[in-house]
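Order of the sequence lines sets the chain letters (A, B, ...), proteins ahead of strands, with each chain counted from 1.
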Protein chains: 2
Amino acid sequence: MERRQTVQRSLVLSTVIDVCNHPTAQAVYDEVNKIYPSIGKATVYRNLCLLVDEVKLKKVVAIEGPVHYDSTLSTHSHLECRICKKIVDVDISFKDEFYDGVKVETGFSEIDRNLILSGLCPQCKETVLNGEGVK
Amino acid sequence: MERRQTVQRSLVLSTVIDVCNHPTAQAVYDEVNKIYPSIGKATVYRNLCLLVDEVKLKKVVAIEGPVHYDSTLSTHSHLECRICKKIVDVDISFKDEFYDGVKVETGFSEIDRNLILSGLCPQCKETVLNGEGVK
DNA sequence: CTAGATGCAAACGTTTTGCAAATCT
DNA sequence: AGATTTGCAAAACGTTTGCATCTAG
């Protein structure tokens with residue numbers, strides 16, 4: 001099962017890198033579609049999976065809505081606005097002792113993590129305060 | 001918009017409490033269905049949302065697959081097996097300073113969190129080792 | 001030449017919605 | 001009585017799959 005290089009594949013990867021704000025599969029599709037209109041949505045999904053598999057991209061599981069993709073591979077976490085669903089990076093990582101503790105506590109191995117914080121972004125907070133007073 | 005008490009609602013809540021291992025909506029439906037066969041799936045979904053809203057239940061967003069529900073309201077985290085998808089509790093919480101740091105770093109407010117760890121549970125690890133050798 | 005990749009449409013699993021009938025207060 | 005809730009079926013949503021065709025190596 002050798003892996004081939006295709007225009008579609010490179011476009012999917014470079015789009016996630018360029019767009020850079022944690023696009024969803026749909027957003028990647030829309031973007032690639034602009035410059036390569038014949039691409040199919042399934043191709044985008046297939047390539048996103050594949051690229052995650054090859055660790056060229058990371059999957060970001062949001063609290064609501066579709067999966068997002070991240071081209072920043074170094075360890076960090078995400079913060080999602082509860083209202084506009086925007087996702088921003090947060091520089092959080094855990095020490096090895098943290099993972100060791102979890103292993104001991106649970107018996108699980110090969111621990112990975114997906115820390116997703118949620119909150120109100122400054123803009124949405126503003127809107128809430130103006131729009132409808134303090135509920 | 002006063003909220004009524006209904007048999008269905010109490011059954012949904014008590015089922016999540018009794019079953020206790022982070023059931024999905026489907027699992028709750030199946031369980032309630034045993035003792036109250038006329039219940040509709042939409043009713044289960046509606047009541048789960050409603051109970052989360054009232055903070056009588058917590059939503060657990062898994063890395064793959066459907067949402068799970070948790071009747072343990074005190075702060076803790078979850079660990080999901082990458083193979084069998086089982087979810088177990090882990091006793092992890094963050095200090096206030098952690099949230100303060102995030103607020104300063106990002107400008108977001110009202111920070112909440114969903115920490116979902118993934119790993120290999122002891123049973124699945126066993127299976128992997130026996131079943132196909134070291135890949 | 002041929003395994004792997006594509007594009008399309010249809011299938012999938014989960015969740016939400018519209019609506020008339022039933023139920024709680 | 002009147003607003004809320006129910007059960008049903010259909011729709012919505014994100015994602016995956018089957019398949020015939022195309023393409024990179």
Expected string for nucleotides 10-16 of chain C under the B/S/- scheme (protein heavy atoms, under 4.0 Å, primed atoms plus P, OP1, OP2 as sugar-phosphate) is ----SBB
For nucleotides 19-25 of chain C, just jot down a letter per nucleotide in 5' to 3' order: B, S or -, based on protein non-hydrogen atoms under 4.0 Å.
----BBS
List in chain and number order the residues that pass side chain to side chain contact (heavy atoms under 4.5 Å, CB included) with A:C84, two or more places apart in sequence or in another chain; answer none if no residue qualifies.
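Result, side chain to side chain contact (heavy atoms under 4.5 Å, CB included) vs A:C84: A:C81, A:K86, A:C121, A:C124.
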Residues that A:R4 engages under side chain to side chain contact (heavy atoms under 4.5 Å, CB included), provided they are two or more places apart:
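For A:R4 there are no side chain to side chain contact (heavy atoms under 4.5 Å, CB included) partners, ignoring immediate neighbours.
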Whole Å only: how far is the [atom1] atom of [X] from the [atom2] atom of [N]?
X	N	atom1	atom2	value
B:L48	D:dT6	CG	P	11 Å
B:R9	D:dT4	CZ	P	11 Å
A:N47	D:dT17	CG	P	15 Å
A:L51	C:dA5	CG	C1'	13 Å
B:I39	D:dT6	CD1	C1'	9 Å
B:E64	D:dT16	CD	C1'	13 Å

Could you list the residues that satisfy side-chain hydrogen bond (donor to acceptor under 3.5 Å, both in side chains) with B:N33, not counting sequence neighbours?
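Here no residue qualifies.
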Run through the side-chain heavy atoms of Ile, Leu, Val, Met, Phe, Trp and Tyr, join any pair under 4.5 Å, and report what else lands in A:L50's cluster.
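A:L50 shares its hydrophobic cluster with no other residue.
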Partner residues of B:E64 under the salt bridge (Lys or Arg N to Asp or Glu O under 4.0 Å) criterion, sequence neighbours left out
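With sequence neighbours excluded, B:E64 shows a salt bridge (Lys or Arg N to Asp or Glu O under 4.0 Å) to B:K85, given in chain and number order.
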With sequence neighbours excluded, what pairs up with B:K125 under the salt bridge (Lys or Arg N to Asp or Glu O under 4.0 Å) test?
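Checked B:K125 against salt bridge (Lys or Arg N to Asp or Glu O under 4.0 Å); zero matches.
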Only pairs at least two apart or in different chains count here, so list each ring-ring contact (aromatic ring centres under 6.0 Å, His included) that has a residue in [range].
range	result
residues 10-45 of chain A	A:H22-A:H78
residues 81-112 of chain A	A:F94-A:F98, A:F94-B:F94
residues 46-65 of chain B	none

Cut-off 3.5 Å, side chains only: do A:D91 and A:H76 have a donor facing an acceptor?
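Judged by distance alone, the side chains do not pair up.
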For A:Y36, which contact category applies under a 4.0 Å heavy-atom criterion: base, sugar-phosphate, or nothing?
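A:Y36: backbone/sugar contact only, no base atoms under 4.0 Å.
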Please give the angle, rounded to 10 degrees, between the axes at the start and the end of the helix from C:dC1-D:dG25 to C:dT25-D:dA1, where five pairs define each axis.
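For the helix from C:dC1-D:dG25 to C:dT25-D:dA1, the axes at either end differ by 40°.
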Between B:R113 and B:S93, what is the shortest heavy-atom contact and its length?
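The answer is NH2-CA, 3.8 Å.
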